[in-house]
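See structure below.
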Amino acid sequence: MFIDLRDRTGLVQLAFGPGWTAADVLALAASVGVESVVLCEGELVARAPDRVNPEMLTGDVELQVTSLRIVGPAVTPALQVARGRGEKLAAEELRLRHRYLDLRRPELQENLVLRHRLLQVSRRFLSDRGYLELETPILTKPTPEGARDYLVPSRVHPGEFYALPQSPQIYKQLFMCCGFDRYFQIARCFRDEDLRADRQPEFTQIDVEASFVEQEDILRLAEALVGALWKEAGHDIPAQFPRMTYAEAMETYGCDRPDVRYALPIRDYSAPFGSVDFGVTRAALDAGGRVRGIVLPNAASWSRKQVDELEALAKGAGAAGLLRVRHVDGAYDGPLAKFLTDDVRAALALRDGDLALLVAAADRFANPALDRVRQECARRLDLVDDKAQQFLWVFDFPMFEQDAVTGALAAVHHPFTASHPADMLAYPDEPARWRALAYDVVLNGTELGGGSIRTSDPAVQSRMFALLGIGETDEQERRFGFLLEGLRSGAPPHGGIALGFDRIVMLLAGAPSLRDVIAFPKTTAARSLFEGAPVPVPTTDLDELGLTLRASGVIA
RNA sequence: GGGGGCGUAGCUCAGUUUGGUUAGAGCACUCGACUGUCACUCGAGAGGUCGCGGGUUCGAGCCCCGUCGCUCCCGCCA
């Protein structure tokens, strides 16, 4: 009789036989249930050639067992850990509920081992370069802007609250003011926002900050760190990543984190369309919009329905519609065709079999629409190389984004980011035109992380707050006084970056979800099914915190 | 906050279209046989709040209303 023995390193077959196993041990072996924990001794022997299992890594040996103890008998598992060929995984809800079993699966074990290795590489890499691993508080001060905070009531101070950190941003800047000129932390961050497959309420980032650095220094450091992480996972990637300004990314890809594994660039056809007497394009151009679009090779054969699906995507992203024109057998075809001038035809430069998809609108509607259409077309044209790893820096983000209705400014990165000094000089009264010294690192259309050079002049920082609507000195001091005091007490120029560690592990593990690289993740409802959190607490506990619950069902 | 999908045995699923006998299969489990297996094989058995609540109906796994959970997406995520 045989038992598959599994540990962290793999499987080996235990063999029990009358020739080498005592009768009582044979009987005990027969009673071992699956997933039980055993201690055994025996002789590791080569299997006879006709008994080798070529599908098993250790299939040419077996342990001929002479002694056996069942040290951790297991009840029948709620879900199967060892699956037969072709057997499906249990539903994720079940696997999360019985995480102690699911984590026994070799796939998840490998993911967490990889996570460990990447953590160690990060620490060694940064420590070797003089970066100090410094810790920051988990109980911090609530920040009203940005994501919603997880709040923690104070027992000692009834009615007052801590917040869990959304990021260690201000603390790491204060470290710079303290003279810890190179800092890093594998930092846990918390955001009380709705979740996605690639978004958990608590997540881990590799957080880095350095003094007396410029953007170039941080980009180089991050490239080397990412290179070390990818190398640990078996990938050699370029030492330096291509760079693209935010303006170019938005112009050519309609997106600030473009997937550049394929081209399909967005082009501007506004000029030739200026003389086209077609209502839709005329109205958009007159309203200050543009006519931009993508030329798709060999897509003229797509059906009306297929293009309508693309139009639905564009509409979902805010466009009023998707204009289409195709070139078939030397002729132009589509609702636009009869309006086309020679100038437009020359600009589009359609070859036979090409399809052009255009959006006539203001950029803020056209960009997201063309971005989605471009991505879907690349998928349909099979242009996406799954094996390619196209890293990209996107930089020169705008400092602020302006609310289309109210005109209010909001920080694109965060309020502590420095603006381009040249922009502040050139357009002192037009902050909406300022570019930030901020940068994102993007892989295949996914943001891996981002950072910025920070404002180290307290007067400039104070002005940034004012531009963001925090004008009163009292309010600035109340909310960000601890940062402003730090800056006033002598602050070096500094900047940094944060990389989304869970997402990096997910990508390198080839996992479909963040939940597969976090030992005890939350569901999309921010619930932990394993230990069952959150839960109601007894009224006596609330009393001690000075809290009263509103009757359930009552909405503020 | 909004939209889509899913929820039937411990697990994976069929059954829901068109309401109708006692709700089925494979795996797992228990007992027995076999004993060089490695998705063992063979025989027998046990196992069900059809997510939950309400409604329609002579009759509901199936239709209607509500609700809970999981999941994907939009909003949101300085």
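Within every chain, numbering begins at 1; the chains are lettered A, B, ... in the order of the sequence lines, protein sequences first and strands thereafter. Keep in mind it's a predicted model, so treat the numbers as computed, not measured.
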NA contact type, [X], heavy-atom cut-off 4.0 Å: base, sugar-phosphate, or nothing?
X: A:Ala410; answer: nothing
X: A:Leu195; answer: nothing
X: A:Ala48; answer: nothing
X: A:Leu89; answer: sugar-phosphate
X: A:Thr523; answer: sugar-phosphate

Should [N] form a Watson-Crick or G-U wobble pair with both distances under 3.5 Å, which nucleotide is its partner?
N: B:A33; result: B:U41
N: B:U57; result: none
N: B:C6; result: B:G69
N: B:G48; result: none

Does the distance from a Lys or Arg side-chain N to an Asp or Glu carboxylate O, for [X] and [Y], drop under 4.0 Å?
X: A:Glu209; Y: A:Arg454; result: yes
X: A:Lys305; Y: A:Asp308; result: no
X: A:Asp502; Y: A:Arg115; result: yes

Using a cut-off of less than 4.0 Å, is there contact between a side-chain N or O of [X] and OP1 or OP2 of [N]?
X: A:Arg196; N: B:C76; answer: no
X: A:Arg515; N: B:C72; answer: yes
X: A:Lys88; N: B:C13; answer: yes

Parallel, tilted or perpendicular: rings of A:Phe520 and A:Phe530 (30°, 60°):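 Because their plane-to-plane angle is under 30°, the rings of A:Phe530 and A:Phe520 count as parallel.
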Plane angle bin for A:Phe416 and A:His414 - parallel if under 30°, tilted between 30 and 60°, otherwise perpendicular: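 Plane angle between 30° and 60°, so tilted.
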Distance-only donor-acceptor test (3.5 Å): side chain A:Arg191, base B:C76: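 It does not, because no donor-acceptor pair links the side chain of A:Arg191 to the base of B:C76 below 3.5 Å.
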Base B:G26 paired with A:Arg83 side chain (donor-acceptor, <3.5 Å):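 Answer no: no donor N or O sits under 3.5 Å from an acceptor.
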For the side chain of [X], counting heavy atoms from C-beta on, which of [options] is nearest?
X: A:Ala525; options: B:C27, B:C70, B:G1; result: B:C70
X: A:Thr524; options: B:C27, B:U71, B:G69; result: B:U71
X: A:Ala197; options: B:G10, B:C72, B:C70; result: B:C72
X: A:Ala91; options: B:U12, B:C27, B:C70; result: B:U12
X: A:Glu92; options: B:C76, B:U71, B:A78; result: B:U71
X: A:Glu193; options: B:A78, B:C70, B:C77; result: B:C77
X: A:Ala411; options: B:C74, B:C70, B:A78; result: B:A78
X: A:Ala90; options: B:A78, B:C11, B:G75; result: B:C11
X: A:Met56; options: B:C38, B:A78, B:G10; result: B:C38

In this structure, how many angstroms lie between the [atom2] atom of [N] and the [atom1] atom of [X], rounded?
X: A:Tyr150; N: B:C76; atom1: OH; atom2: C1'; answer: 13 Å
X: A:Asp256; N: B:A78; atom1: CG; atom2: P; answer: 13 Å
X: A:Asp4; N: B:C38; atom1: CG; atom2: P; answer: 11 Å

Geometric cation-pi criterion A:Arg433 and A:Tyr427, 6.0 Å radius, 45° cone: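 Geometry flag: set, cation within 6.0 Å and 45°.
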RNA chain B: 5'-proximal contact among A:Val52 and A:Ala526 (nearest heavy atom):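 Residue closer to the 5' terminus by nearest nucleotide: A:Val52.
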Closest-nucleotide ordering on RNA chain B, the 5'-leading residue of A:Gly316 and A:Leu94: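 This one resolves to A:Leu94.
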Point-to-point distance, once rounded to the nearest 0.5 Å, from CG of A:Leu174 to OH of A:Tyr183: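 So the gap between those two atoms works out to 11.0 Å.
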Distance-minimising heavy-atom pair for A:Ala314 and A:Ala369: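 Taking every non-hydrogen atom into account, O-CB, 3.6 Å.
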With the criterion being N/O to N/O and under 3.5 Å, what pairs connect the protein with nucleotides 30-36 of chain B, and how long is each?
{"from": "B:G36", "atom 1": "N1", "to": "A:Glu62", "atom 2": "OE2", "distance (Å)": "2.9"}
{"from": "B:G36", "atom 1": "N2", "to": "A:Glu62", "atom 2": "OE1", "distance (Å)": "2.5"}
{"from": "B:G36", "atom 1": "N2", "to": "A:Glu62", "atom 2": "OE2", "distance (Å)": "3.2"}

Residues A:Thr446 and A:Asn444: side-chain donor-acceptor under 3.5 angstrom: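 No donor-acceptor contact under 3.5 Å links the two side chains.
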